[in-house]
Structures are given as structure tokens and as C-alpha cells.
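Convention: sequence-line order gives letters A, B, ...; per-chain numbering from 1. None of the values given here were measured: they were computed from a predicted structure. Note: hydrogens, waters and symmetry copies are ignored here, and every other heavy atom, side chains too, is used.
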Amino acid sequence: MNDLRIKDLSAHVGEEVTLLGWVYNKRSSGKIKFLILRDGTGYLQCVFFKGNLDEATFNEAGAVGQESTVEVTGAVKKEPRAPGGYELDAKGLKVTHATEDYPITPKEHGPDFLLDKRHLWVRSSRQVAILKVRHRIVKAIRDFFDERDFSLFDPPILTPAACEGTSTLFETPYFDLGNAYLTQSGQLYAEAGALALGKVYTFGPTFRAEKSKTRRHLTEFWMVEPEMAFADLNDDMDLAEEFLEYVVQTVLKDCAEELRTLERDTAKLKNVERPLPRISYDEAVEILKKKGSDFTWGDDFGGADETLISEEFDKPVMVHRYPAAIKAFYMKRDPENEKLALAVDVLAPEGYGEIIGGSQREDDYDTLLGRIKEHKLPVEAFEWYLDLRRYGSAPHSGFGLGLERTVSWICGLDHVRETIPFPRMIYRNTP
RNA sequence: UCCGCGAUAGCUCAAUGGUAGAGCAUUCGGCUGUUAACCGAAGGGUUGUAGGUUCGAAUCCUACUCGCGGAGCCA
């Protein structure tokens, strides 16, 4: 195996090297041919001069098709005219797999065509950049929690019933036990983890069978959900803002090249530093009214409302204390106003909408039992969850962050479908 | 489920009732520094499906299929 990669070439100027990769694009001009090689770590312009080569090699450099697999040998040169600043003065070319008629040409394509060819689309430079940013975000998320004594606590993906009782779930037969459902959230299980290990986080795929057809929705998406014992809503918000700052600043530091490829305006990301603004639901409603919206108190914010609110700030904004009626049954009520839930949503700037939803959880047994009954949920299915309030109950809080929405925001994309290798949407489950 | 928009060459699109076109891709030719290179030529079509109106339909009408955006729901 040849371990030399394009990203490391700056340390090999003047040396003759052999690189393995694929033909990304090529251009020719009479007695000189340019072949752009990609290997997953970068792009390298390989120059074939007719005078320096035997005729067969020169002709082959012109004939080789896009995405052919090749070995190129030549001397590394610093060259300001080349993309990336370095190029290869090619001496030899070995085509190990000749590709013809590669469907994704270096011109515009529509999203439907590209999604049909998603297994090939992931080779293009934009997609490579997005998926590298995704990887870095995932690592930053893990590092953040690992460094703060959170333990990874994996919840089940097959569950016996709806976690929150509202969403439509994917259903699958489960032996003699009736039906199982694909999880829509690991949170309830994370609460069990927090009361066992103190601080935990779940990180895995979740599923929603809602027929949502928007640029912010997938049916299968990844979510990270930290949960802390002995933490109230303020502690939860402290964690959320430190977390967002860490993730965004880490990506800015480590993914500058990728963000440049994506032409992301990073000025707006640099603002993501503590403290993040905290406003109450009431204050958010005031903002909407001031801007001429006919929003009525008690409703949940729609996508357009979220954009109006977030426009008031140059960084993510935390909106807390929502009407309890529009929030989940497990959220603790505000002791100062029983109509409000101790919930917080974080709205990303630039119209990216809700990226975090969290709350302090109801920790009183009788109150929680009452809520389950009010919501007409099957009490027996929640007996284990009620046990967490029977035995060693404690104030606890947490939140969930949607990975794809976060990647979409940080990369400045117009649709979450590009943030995951193989997106699952209401009318698409292939390739 | 509801509302709006769309489907024409491999891809992106033009052609508003009168001979179906361009750019890219492919093939061939030209060019010694290209940056989605450029210049010239060639091949490439049951206009999503089914029916209707008309002398004549890509174009007008009806139904269906598929896709896109949004609402609801949510991350």
C-alpha cells in the first residue's frame, strides 16, 4: 500500500512520488495536458508535457475518462498557478481502471438526479467538504461531553411505544410481543442513565414517520442528547451555550479549508461565543408583535416565526419558558407560573431554525403520573419511567441537538439532505 | 393530509397552436499554462403516462404517475 496522500505533498517538494487516486477532471491544450487527481484528501493538478513523455503516455493522459482509477508518477513542484499551490510534473501514468461515461459531469445537475446517484455524488468536492465537516462536528460533540465527565449511554432503537406520545412512528412486527417502534428520541432512557451515572449523553439515529416535506426534515436523522442529574433549566442553558460555542469554534479552527470550498461566510459563525442571548417565550412573542406578526400567545412558533425572532440576534438565541400546553408531558412546570414549562429551544441564526430542544424534567412522582393521564398515555408503558421518580428522584435536565440541522447551518446549506451520506426522506429510501 | 410549482437529448434548460433547439457530456479535429479552459465538426428525441380539442399540440383541456417547495409535526 502506498501511504502518500495529496494533503501531505508540501513536505515532498522536489521528490519524485507515485500517487493513487481518481481522475477528477482534465483539460488539454495541444502539447500540454492537465489532469486533476483526487484521493479523498485533496486535489492535485498533474501536468503532462508532450516533450517530456513518450507518446503513449501523453495520449493516454488525454484519453482517460473522468473517475478512472490511476497511478501517477512525477516530481512535486510548488506552483502558484495550480489549485492548492502544488502540482505534479508527471512522468508516468498507469490506468488501473478505465471509466467511461461517468454520469456526474462538471456541470449543473438537479437534486433529484444527484440523489439518484448519491453513491457517486459523495465523490464531488462540495460533498466531500460537507461530510468532512460532519465528521469533525461529530468528533467535537464526543470530545465536548467526554472531557466534561459525561458517559456515552446508548438507548435502544427498537422501543415498545412512543416516547412523547405525539409523533407518528415507524412500526415493525416484533415476534410474539406485538409491534415495536423505531425510536424518535433516546431521552427517556437517558434520564435513567443520568440517575445512574450522573451525566450521560446519547448519540445515535432517530426516526420520525411524519410526512414532513421541507428542507429541514429527514425521516432518519442523528441526535445527541445530554442529560444531567442535579441540574435545573439554567444549568441546561449554560451547558447548551458552552456546547454550541465549542462545536462552532472547533469547526472554524479545523475545517477552514472545507468552509472555503463551501463558500461559507464565516463571520456569522465567529459570533457564536458565550453568552448567548436568553429570552422568554413572552419576550419572543413581543418581538413578533413588534414586527407586525399576528401571532397569538399560546401557539408554537412556525418556521417563519423562528426566522423573525432569530433575525433580532447575530448568534443563536435561547427561548425559554414556553406554554406548557404546547410542550411534552415530561417537562417540569415553572414554579412561578404553572402555565409555563421549564423548556428551552435554541434557534440558529440565518433562518436555520430550531437546532436544540431541551427542558428540566418533571421529577415529582404524583405530578408526572397526573401528566401521563392528562395526555391519555398508557400508564403501564411508563411504569419504568415513573420508577425513576419513585426511587432516588432528583432534579434533572437535558436537551437534544439535531446533527443534520447543525451541519446544515454551519456549512450554510439550503437543505439537510446533503449533510448525511444517504438521506432518508418521505419519498426516497434509495440508494 | 392540504396548498402552490414542475416533468422536453445522458445532464441543465429554451421553444405560448405552424419544420423540436442551445450549452455541457460523448466522438473526431485544433491549440505548450489550463482553472466548470477555449475554438471547429458530428452523433444524440415516442416532449412523464393515458385520453380529448384542433387542419395541425411540447404548447390548450381532463385524469393519473413522479418530483420540488411550503403548511401541520418536529431536531
Side-chain angles (χ1 to χ4, degrees), chain A residues 24-36 43 45-53 58 62-63 65-67 77 79-85 87 89 99-117 120-121 124-126 162-169 184-187 205-225 299-307 326-328 345-348 352-358 399-409 414-417 419-420 425-428:
Chain A
Y24 192 67
N25 197 3
K26 61 178 191 202
R27 291 177 279 274
S28 71
S29 178
K31 299 190 174 62
I32 183 170
K33 294 187 195 298
F34 300 94
L35 188 152
I36 311 297
Y43 300 84
Q45 173 163 285
C46 304
V47 186
F48 294 81
F49 275 111
K50 192 166 192 175
N52 297 353
L53 298 162
F58 184 75
Q66 192 189 349
E67 284 303 316
K77 263 172 53 182
E79 172 55 69
R81 287 174 295 187
E87 70 177 21
D89 190 7
T99 295
E100 289 173 13
D101 297 326
Y102 185 69
I104 302 178
T105 60
K107 269 285 181 183
E108 289 171 25
H109 299 282
D112 196 45
F113 174 81
L114 290 169
L115 286 167
D116 281 341
K117 304 273 183 281
L120 302 176
W121 189 21
S124 66
S125 59
R126 259 185 79 81
C163 286
E164 303 182 14
T166 52
S167 297
T168 315
L169 304 185
Q184 61 164 329
S185 165
Q187 183 209 307
T206 52
F207 307 86
R208 305 276 165 92
E210 300 285 349
K211 291 194 170 180
S212 299
K213 285 183 62 177
T214 81
R215 64 187 70 204
R216 302 184 309 279
H217 288 88
L218 298 170
T219 56
E220 176 182 320
F221 66 98
W222 283 62
M223 191 153 62
V224 57
E225 296 176 287
D299 288 348
D300 204 353
F301 302 125
D305 303 317
E306 289 178 350
T307 302
I326 55 169
K327 286 292 179 184
D345 283 357
V346 180
L347 308 180
Y352 281 93
E354 184 184 346
I355 51 170
I356 282 182
F399 61 79
L401 170 114
L403 178 62
E404 286 76 16
R405 285 187 185 176
T406 304
V407 176
S408 184
W409 162 49
D414 61 7
H415 202 300
V416 291
R417 65 190 162 205
T419 65
I420 186 167
M425 292 172 293
I426 155 169
Y427 291 126
R428 174 179 293 280

Could you measure between the two C1' atoms, the one in B/C55 and the one in B/G69, and give it in whole Å? 41 Å
Under 4.0 Å, heavy atoms only, any strand: does A/Leu401 hit a base, just the sugar-phosphate, or nothing? nothing
Is A/His415 near enough to B/G69 that one of its side-chain N or O atoms lies under 4.0 angstrom from OP1 or OP2? yes
Is the shortest side-chain N/O distance from A/Arg417 to OP1 or OP2 of B/G69 below 4.0 Å? yes
When you measure only distances, ignoring hydrogens and angles, does the side chain of A/Glu100 come within 3.5 Å of the base of B/U26 through a donor and an acceptor? no
Ring centroids of A/Phe221 and B/A75 base under 5.5 Å with planes under 30°: yes
By nearest atom, which of the nucleotides B/G72, B/U26, B/C74 is closest to the A/Arg208 side chain? B/C74
Does B/A25 have a Watson-Crick or wobble partner in any strand here, with both distances under 3.5 angstrom, and which is it? none
How would you label the contact of A/Phe49 with the nucleic acid (heavy atoms, under 4.0 Å): base, sugar-phosphate, or nothing? base
Does any non-hydrogen side-chain atom of A/His217 lie less than 4.5 Å from one of A/Arg405? yes
Pairing check on B/U59: which nucleotide meets the Watson-Crick or G-U wobble criteria with it, both distances under 3.5 Å? none
Any donor-acceptor pair under 3.5 Å between the side chain of A/Thr105 and the base of B/C11? no
Rounded C1' spacing from B/G6 to B/A75 in Å: 29 Å
For A/Gln66 and A/Thr105, does a side-chain donor sit closer than 3.5 Å to a side-chain acceptor? no
Is the closest side-chain heavy-atom distance between A/Ile326 and A/Asp299 below 4.5 Å? no
When you compare B/G40 with B/A22, how far apart are their P atoms, in angstrom units rounded to a whole number? 13 Å
Between B/C31 and B/C38, how far apart are the two C1' atoms, rounded to whole Å? 9 Å
Take atom C1' in B/G44 and the same atom in B/U65, then report the distance between them in whole Å. 27 Å
Rounding to an integer number of angstrom, what distance separates B/A7 and B/A58 when you compare their P atoms? 15 Å
P spacing across the pair B/C3 / B/A63, given as an integer number of angstrom: 13 Å
When we call it a touch if two heavy atoms are under 4.0 Å apart, what does A/Ser28 touch: a base, just sugar-phosphate, or nothing? base
Watson-Crick or G-U wobble partner of B/C73, both distances under 3.5 Å: none
Rounding to the closest angstrom, what is the interatomic distance between B/A15 and B/U8 at atom C1'? 9 Å
Answer with base, sugar-phosphate or nothing: what part of the nucleic acid does A/Pro83 contact at a heavy-atom distance below 4.0 Å? base
Sugar-phosphate, base or nothing in reach of A/Lys211, heavy atoms under 4.0 Å: base
Scanning all shown strands, the Watson-Crick or wobble mate of B/G6 with both distances under 3.5 Å is B/C66
Would you say a side-chain N or O of A/Arg215 is under 4.0 Å from OP1 or OP2 of B/G70? yes
Can a side chain N or O of A/Arg216 be found less than 4.0 Å away from OP1 or OP2 on B/A71? yes
Here's a test of your reading of the structure: between A/Phe34 and A/Ser212, which maps to the more 5' nucleotide of RNA chain B? A/Phe34
Provide the Watson-Crick or G-U wobble partner of B/U46, both distances under 3.5 Å; none if there is no partner. none
Look at the side chain of A/His109 against the base of B/C11 and say whether a donor-acceptor pair falls under 3.5 Å; ignore hydrogens and angles. no
Closer than 4.0 Å, any side-chain N/O of A/Lys213 to the OP1 or OP2 of B/G70? no
Closest to the A/Met223 side chain: B/G33, B/C74, B/A75? B/A75
Do A/Arg405 side-chain and B/C74 base share a donor-acceptor contact under 3.5 Å? yes
Watson-Crick or G-U counterpart of B/U54, or none if no pair lies under 3.5 Å: none
